[in-house]
Amino acid sequence: MIKVKNLHKSFDSLHVLKGIDLEIEQGKVVVVIGPSGSGKTTFLRCLNILETPTSGTVEIDAKALDFGEMVVVTHEMRFAREAADEVIFMDQGNIIERGKPEAIFTNPKEERTRRFLNMIQ
Ligand SMILES: Nc1ncnc2c1ncn2[C@@H]1O[C@H](COP(=O)(O)OP(=O)(O)OP(=O)(O)O)[C@@H](O)[C@H]1O
Ligand SMILES: [Mg+2]
């Protein structure tokens, strides 16, 4: 289990991650998609302790290391669709929408997700 609570990250005055909340169940593969600059890599780096969050918490329990929850960032939508148990759409430092790949790619609920998918497909 990976638990992220109210994660914020700023670089000087640039507020990049704006309160990310996320729980990932044991063994799940989560793929993060979203526009350039939305904070995907910064989020991943915070999970990997390559960046120190400005505030908020990241909990990774020992089983996560044994059973391999995985968070990946991609611009390859086909990969996201095939590899993910769950897809997360990020924009401007927030999680806008999350769900099964089928739901996100064929029936996104949020206008911002729809716009992003239309733009890149
Ligand atoms: N070390 C850093 N110092 C200052 N600003 C940074 C740093 N790392 C990232 N940023 C800024 O944070 C914002 C988010 O960047 P990030 O790399 O997380 O986006 P991304 O979603 O991974 O984009 P891309 O799809 O292009 O890889 C951008 O405005 C970027 O310039
Ligand atoms: Mg990136």
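Just follow the structure's listing: the first ligand is 1, and inside any ligand the first atom is 1. Values below: all heavy atoms of this structure, side chains included; hydrogens, waters and symmetry mates excluded.
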How far is atom 9 (C) of ligand 1 from the closest protein heavy atom, and which atom is that?
F11 CE1, 3.6 Å
Same cluster or not: I60 versus V73, using hydrophobic residues (I, L, V, M, F, W, Y) connected whenever any side-chain heavy atoms lie under 4.5 Å apart?
yes
Residue pair C46 / L7: nearest heavy atoms and the distance that separates them
CB-CD2, 4.0 Å
Any protein heavy-atom neighbour for atom 31 (O) of ligand 1 (distance below 4.0 angstrom)?
no
Can you find a protein heavy atom closer to atom 11 (C) of ligand 1 than 4.0 Å?
yes
Would you please determine whether R45 falls within less than 4.0 Å of ligand 1 on a heavy-atom basis?
no
Protein contact to atom 26 (O) of ligand 1 [nearest heavy atom, distance to 0.1 Å]:
S36 OG, 2.5 Å
Distance-minimising heavy-atom pair for V31 and A84
CG2-CB, 3.5 Å
Common cluster, I2/V29, ILVMFWY with side-chain heavy-atom separation under 4.5 Å:
no
Which pair of heavy atoms, one from K5 and one from D21, lies closest together, and at what distance?
CA-OD1, 3.4 Å
Please verify whether a non-hydrogen atom of G39 lies at under 4.0 Å from ligand 1.
yes
Hydrophobic cluster membership, with links at side-chain heavy-atom distances under 4.5 Å among I/L/V/M/F/W/Y: are L14 and F43 in one?
yes
Could you tell me whether a side-chain N or O of N6 sits under 3.5 Å from a main-chain N or O of G56, the two making a donor and an acceptor?
no
List ligand 1 atoms under 4.0 Å from H75, heavy atoms only on the residue side.
24 (P), 25 (O)
Should one rank L44, T41, V73 by closest heavy-atom distance to atom 22 (O) of ligand 1, which comes out on top?
T41
Please determine whether T42 has a backbone or side-chain N, O or S atom lying under 2.8 Å from the Mg ion (ligand 2).
no
Look only at interatomic distance and state if K40 has a nitrogen or oxygen under 3.5 Å from any nitrogen or oxygen of ligand 1.
yes
Which atoms of ligand 1 have any heavy atom of V16 under 4.0 Å away?
12 (O), 13 (C), 14 (C)
side-chain contact (heavy atoms from CB on, under 4.5 Å) between E25 and E69: does it pass, once the steps are laid out?
CA-CA 7 Å; E25 289 166 43; E69 286 90 291; over 6 Å; no
Closer than 4.0 Å to some heavy atom of T42 - which atoms of ligand 1 meet that?
9 (C), 15 (O), 16 (P), 18 (O)
Let me see the working for R115 and E111 under salt bridge (Lys or Arg N to Asp or Glu O under 4.0 Å), right down to the final yes or no.
CA-CA 6 Å; R115 249 185 283 143; E111 177 60 28; 3.7 Å; yes
Quick one: does K40's side chain have a donor or acceptor within less than 3.5 Å of a partner on G34's backbone?
yes
Flag the pair K100 and E86 as a salt bridge only when some basic side-chain nitrogen lies within less than 4.0 angstrom of an acidic carboxylate oxygen.
no
Contact between ligand 1 and G93 is defined here as a heavy atom of the residue under 4.0 Å from a ligand atom; is it met?
no
Any N or O of G37 closer than 3.5 Å to N or O of ligand 1:
yes
Ligand 1-proximal atoms of L14, by part, heavy-atom distance under 4.0 Å:
side chain
Per-atom contacts of ligand 1 with P35, taking only distances under 4.0 Å to non-hydrogen atoms:
21 (O)
Counting heavy atoms only, which part of M90 comes closer than 4.0 Å to ligand 1: side chain, backbone, both or neither?
neither
If we number the atoms of ligand 1 from 1 as shown, the ones under 4.0 Å from a heavy atom of S38 are 19 (O), 21 (O)
